[in-house]
Every structure is written in structure tokens, then in C-alpha cells.
Amino acid sequence: MSTEAHTAGSKSVFNTFNIVAGVIILVGLGITVLRFTGGLGAVTNLDDNNPWGIWIGFDLLCGVALAAGGYTTSAACYIFGLKRYHAAVRPAILTAFLGYALVVFALHYDVGRPWRLPYPIFVQQGTTSLLFEVGLCVFLYLTVLFLEFLPVPFEWLKKTKIRNFLVKITLALTIMGVVLSTLHQSSLGALFTIVPSKVHPLWYSPYLPVFFFVSSIAAGLSMVIFEGTLSHKFMHHAMDEEYLKHHDTVVFGFARGCSFVLFGYFMIKLIGVAYGDAWHYLSTGYGALFLVEMLGFVALPCFLYAVGARDKNAKLIKWTAAWTVLGIVFNRFNVSIIAFNYQLPSAERYFPSWMEIAISIFIVTLGVVVFRFISKRMPVFREHPMYKAEH
Amino acid sequence: MQRRRFLGLVGAAGVSLAASGKAKAASKEFSGYPGSHAVLFDATRCIGCRKCEAGCQKVNDLPMPEKPFDDLSVLDQKRRTHAENFTVVNKYDVGQQAPVFRKFQCNHCLEPACASACFVKAFKKQPTGAVTYDASVCVGCRYCMVACPFEVPTYEYNEVLTPRVRKCHMCHERQLEGKLPGCVEACPKEALTFGTRDEILKVARARIRNYPGRYLDHVYGEKEMGGTSWLYLSGVPFKKIGMREDLGTTSAPHLTTGALAAVPMVVGLWPVVLGGIWAVNKRKEKIAAEEQKAAVNSAVSETQEKAQQEMADALAKAEASTQRRIDNEVKKAVDEALKAKEEEAQSQAEDGKTDEEGA
Ligand code: SF4
Ligand code: SF4
């Protein structure tokens, strides 16, 4: 059946996926023209009080958090020696690489003079800025991810020598990747430590960097499960036995790990509230929002993951992964948009324009299209026959 | 090689961030450049005439607003600064007979949030006290706007190629020429007073002392966010004239020192920790492999021994049976031989008997 669908898909370009993706991309291109001929004001609802909208809150903060599967999986496999997760490494690295590439791409829309994006690294370094740290780490990590992914196209092109060299330095790359990820995952949270007066006390904490780092691990693990599920459904024909055999091991292992991480995260968030002595806000409207986040998107998936791992219930785990991913998005939105500028009267608050939303969807779509293109052709979900079981 | 280069780059990042941390640590006691200037705004003197707005507009070559500056009806709305005006005066109904007016512009922090947030160092705290901005390096990320606790910097959102961040620069150039900031010069009521920050603080305290009941005992900006170069006096709580009283006295750069200080630690410690974990796992794997090998070896040698033993046994058995067969054969042969001899002897004896008989 899957071969049937596959041949049908390759015969006609006009399947549902391509049509929807095509429309989104056309709209995206249209808005792109508007953005680069009319300025930020022509397409966004940003203003002087709300300089950052969803292009930062979603494209940057969520994009980076959800790309955390790259460093978590490769660390689990190569550093912690959990070799049975090996099958998950390549898809995760590819997702991470594309994720970061798209983050950088998205930034071109958001910053006023995108051609100056290399300035902070090459022209004048504002080393006191946490954004500098973010920029430098993203730049370096993108390079590392690129190198980590390179063996795949080289296997595809049968360039054995260089591929073998790259495989040899995997460990070094992995360690670098974890260092860089630790730094910029946390510094994204640290960006907001400079504004205790603007982020609602329930979300503001000097521990924000730690919160962002720990939750990025949960995000990474959940993304690997979630994205694995989707790929499993739609990319089945590109997968080999080896991948399929290990798929469930990865799911159960990551579910257990994620449950632990979420538990830890819940605890340190409590410590954060205690440290800021923000308990009394819990009875306000923002308090309700905070409780929804903590109970619904942290405690609940923590519990469900644990149950799923215990009962070997892959279906439950997969739904939980999707829920957790949603929770991470919710959290990043809360910090950067919803609980940000909470002190402003509602008339001065920010809500994204439809064009901002469309661009974000456009960028996600681009990611999916490229991911499909690469993983259909290159040995991502399968081992290349020439290099079987030797990496 | 590749790896070393990367570690080098990361290391460099760590070190530079560490160094910046140090610079900030040194700034712990920073209370502004000596002799730097400040402006005092006295809310009890301001009459909301908007002359300061007009003065700012003129000296900065900013476009004239739609409604002229002598149209005071705009005071009825709450306004903020925009890319085309660096200062506004707002009117506040504070429950007294007369409304209170308050001027709003960049406060020129002693340790500015915008400057510490900018990743290309576009902002600079000048020795004059002004916080200036250099559009020639600005990327337009707008983190400065996020970081400013007073919501001051504005942006040219409708500029396509060369959008700038815009804000009051305390007439830095005019100050260097020995002139007053445009707004101060334009104020007809001396609601604005310009001087060195030390003098200005003294003036402010003197007013509080000399007019009891007229002022609150608080010079806004003396300590707020680590201190600012604009200082405020008011007869009504600052909160009532739109100024936040919950900002605290920690300067913005200090809020981020913790996160920055963690960077070199992560760069220094993480690889060691991770490398250690890796090594432990490698070692575990190696030991496991060795143990497995040893087990295999011993199993192999055990089987070998057993096989040898069996072979030896079999050989021995075989030997024994051959021996027995040989023995049997020999015995049989011997027996036969003996029997033959016996028969011969017997027949000889019989022959002899016949011979004897015959003789
Ligand atoms: S008030 Fe805002 S813009 Fe002005 S110096 Fe302070 S941080 Fe910078
Ligand atoms: S918008 Fe410009 S001045 Fe502001 S932080 Fe970014 S680069 Fe610096």
C-alpha cells in the first residue's frame, strides 16, 4: 500500500501536501516582497513598546528550543553511550540543522538590516550583550551541525574518505554541540533577565537561563519522538529495518528520560516562584495562566510519559510528546509575549498581524519541504549499504 | 585540527565574555563619569506648554508634527515618544485642582540597559553623561528597546533599507560645544535645570529642604536602575505621573552578570564533564568487551581441554583394545605354535616307538 501511495505521489505533483505547501509558499513570498519593500511596519504589528513579536517569540525562541533534539540525541548516543538510540541521531541532527538554518533565515525578516547580521561577530562585538552570546553560539553551532550532518550527503555521493574523517571527529563535534547548545539555549532565557520590570514576576527569575536550558532538553526529547512519529507515518518507505527496529526503543527510552526532566523542571520552577516570592500572584489571572502551564504542560506530561514508559504504551507517549512540544511553545510565548509587558494597558499590548503569522507558517513549511526532500533521497532513516553498521 | 579550531573559537567567546564580566565587576561602584552632566525636571514648575518639545524638534531637525506645538489639546491623550520626536510632555490628573505635567525622554542611565544589551555596541555612555547611538553599526535587532526599563528607544518601522533606533541623545554635540540641550534652553519656566550631576543633586536636595510640603523627599533617578542623568522632583507620588516606582536600584548590566559569568564556566567545565562521562562509558564498554572476551576464551579453552581429554581417552581406549587384540593374536599364535609343537613331539614319540620296535 505504501509503495502504491509512493508511486502515485511521485507521478502527480499535485497531491494534497504539495498543493497546501505551494499555496503557503506563494503567500509567504508575497509577504516577503512587502516586507522588503515596505519595511517592518508594513507587515507587522510591532511598535515602540513591543519591539519583539512572534518572529522572535516563535521563530527564534521556539525554533531553537525545538531544534534541541540534535544535541540531546547525539549526546545520549555518543557521550552517554546509549548506542541503541543510534537510529535516532541522523533525523535529529537533520531536524536541528534545518531548524537552526531556518531560525537564521527567519531573523532576516525580523531585524531591520539583515545584511548586517554578521556585524556582531565580525565588525564590533558587544560582549556585554546576551544577544551577542546567542548570536555567536548559533553561528558556531550551525557550523557544528553542518559538519555533523555532512557524512549523510557524502555517503549519498560516495565520498568515502572525507566521510570517514568526519565520522572520526563525531565525538569532538558532539561535545562542542552540547557546550554551544547549553550556552545559547540558556542565554535565550537570559535575554529576559535584563527586564525584571517587564516580564511578569511569575515568569521572571534570575534562573531563567536554567529554566530555558532544562526545558530545552524536554523539548528536544519530545521533538524526536513527535517528529519520529510523523516521519514514521509519512516517510515509511525511506526507512530501513534497522531504523524501524530501534524506533520503539528510542520512543520508550526518551519518554522515560523526558519524564525525569519534566519532573526536575517542575521542581526548579517552584523554586523560582519561591525565590521571587511570587506566590500571591497565583490567585490572579496571570496566576491561572501560570498554573495551566505548570500543571497542564509540565506536570501532566511528566506523569503521562512515566505511565507510557511503564506500560510500554507507544501511542500514549506519542500524544504526550506532541502535548509537550505544544507546552514548550506555550512557555516561550508566555515569557516573550504574553507575560511580557504585562504592565502595559491592554490597548498598548501586542497581537501579531496575520502576515506575521503567515510568515511563521511559511518558514515552518519550508522546513518540512526541505526535510522531506533530503530524507527521501539521502541515508537519514536508513543506513547506506556501503557504510552499514560502521558509524 | 577542526576540533581545535572550534574549541579555540568557543574559548575565545568565553574569555571575551569573562573579560566583559570583569569590566562590569569593576563598574560595581560606577556612579557616572566625574563631572558628567544631568538635567533636573521639576514637576511642580512644569506648566505643560510644550516649548521643550518644540525646542527638541528644532535642534534635532525633526519634522514638525501635524498639530502645532501650541495646540495643547494633544495633552489630553497619553503620548509616548516616536521615531520623529524624542520627548513628550504628558498631563496627569492626580486628584488635585491643577493637573501635573511630566516630561518624558531618555533618562541617560549611568549604566544604560540599552548599551549593555546591544550586541554591536551601538550605544555609548559618553563622559558628558549622554547615551549616544551609532546607526552605522546597528543591525536593527531592537534588543535595546526590549532592554530599556523606561521604554525609551523607538524605531523607524517604516524605513526599508536604513531603519534607525531613535531616542533623545541629550544633545551630546551641543554639550560639547558648550551649549544647553534644546529642551532646557526652550523651557520658559526653569522646570529644567542643567549642570553637573553632583551640582544638580545638591540643587534638588536644597529644593526639598527649602520648600517643605511642596516636594516628596525623593529625587527620582538618583538611584533608580543604578542612577540616571535625568533627575526628577515631584510633589505627588511618581507613580501618579506615570513613572514606575518598582524598578529597583540595580543597574541593568548587573542583572545579567550572573548569566554572563556562567559562560566561561560552561565552556571550561562542560567538555571536561562530558568527556569524563564519555570516557567512563568507553571504559565500561571496554571492560565489558574484555570480560566477554575472557569468558569466551575460558569457554573455548574449556571445550578444548575437554575435547583433548576425550581424544586422549578415546586414544587410550583404542590403544587398549588394539593391545588386547594383539595380545589375543599373539596368544593365539603362541597357543597354536605350542599345540603344533606338542603334536610334533607326540608324533615323534610315536615314530620312535615304532622305530624302537622295528629295531
Ligand atoms: S533610559 Fe533607556 S534608552 Fe535611555 S539610557 Fe537608559 S536604558 Fe538607554
Ligand atoms: S537595534 Fe541596533 S542599537 Fe539596538 S540593540 Fe540592536 S543593534 Fe544595538
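So you know, we letter chains A, B, ... as the sequences are listed, proteins then strands, and number each from 1.
A 4.5 Å side-chain heavy-atom check between B/Pro149 and A/Lys198 finds every atom pair outside the cut-off. A heavy-atom distance below 4.5 Å is found between the side chains of B/Val139 and A/Leu117. Residues A/Asp48 and B/Thr81 are not in side-chain contact: their nearest non-hydrogen atoms beyond the backbone lie 4.5 Å or more apart. Looking at heavy atoms from C-beta onward, B/Pro271 lies in side-chain contact with A/Val179 at the 4.5 angstrom threshold. Within the 4.5 Å cutoff, the side chain of B/Tyr143 has heavy atoms near those of the A/Leu191 side chain. Looking at B/Val160 and A/Thr37, their side chains never come closer than 4.5 Å, going by heavy atoms from C-beta outward. Residues B/Glu151 and A/Glu348 fail the side-chain proximity criterion, which asks for heavy atoms closer than 4.5 Å. Side-chain atoms of A/Leu131 and B/Cys141, non-hydrogen and from C-beta on, do get closer than 4.5 Å to each other.
Nearest heavy atoms, A/Pro51 versus B/Val146: CG-CG2, 3.6 Å. When every heavy atom of B/Ala259 is checked against every heavy atom of A/Ala190, the shortest pair comes out as CB-CB, 3.6 Å.
The most heavy-atom pairs under 4.5 Å with chain B, out of A/Thr174, A/Asn49, A/Thr44, come from A/Asn49. Considering only heavy-atom pairs separated by less than 4.5 Å from chain B, the leading option among A/Ser187, A/Gly38, A/Gly189 is A/Gly38. By number of non-hydrogen pairs under 4.5 angstrom with chain A, the leading residue of B/Ala115, B/Ala147, B/Gly248 is B/Ala147. Of the residues considered (A/Thr193, A/Ile194, A/Asp47, A/Val210), A/Ile194 shows the highest number of contacts with chain B, using heavy-atom pairs under 4.5 Å. Counting heavy-atom pairs under 4.5 Å between each of A/Asp110, A/Leu208, A/Ile121, A/Asn341 and chain B puts A/Asp110 at the top. Contact count against chain B (heavy-atom pairs under 4.5 Å) is highest for A/Pro120 among A/Pro120, A/Pro206, A/Gly41, A/Pro196. For chain A, the option among B/Cys148, B/Ala113, B/Ala279, B/Cys138 with the highest count of heavy-atom pairs below 4.5 Å is B/Cys138.
Partner of A/Arg113 under the side-chain contact (heavy atoms from CB on, under 4.5 Å) criterion, chosen from B/Thr162, B/Leu161, B/Val137: B/Thr162.
Only the side chain of A/Leu344 has a heavy atom closer than 4.5 Å to any heavy atom of chain B. Heavy atoms closer than 4.5 Å to chain B are found nowhere in A/Phe122, neither backbone nor side chain.
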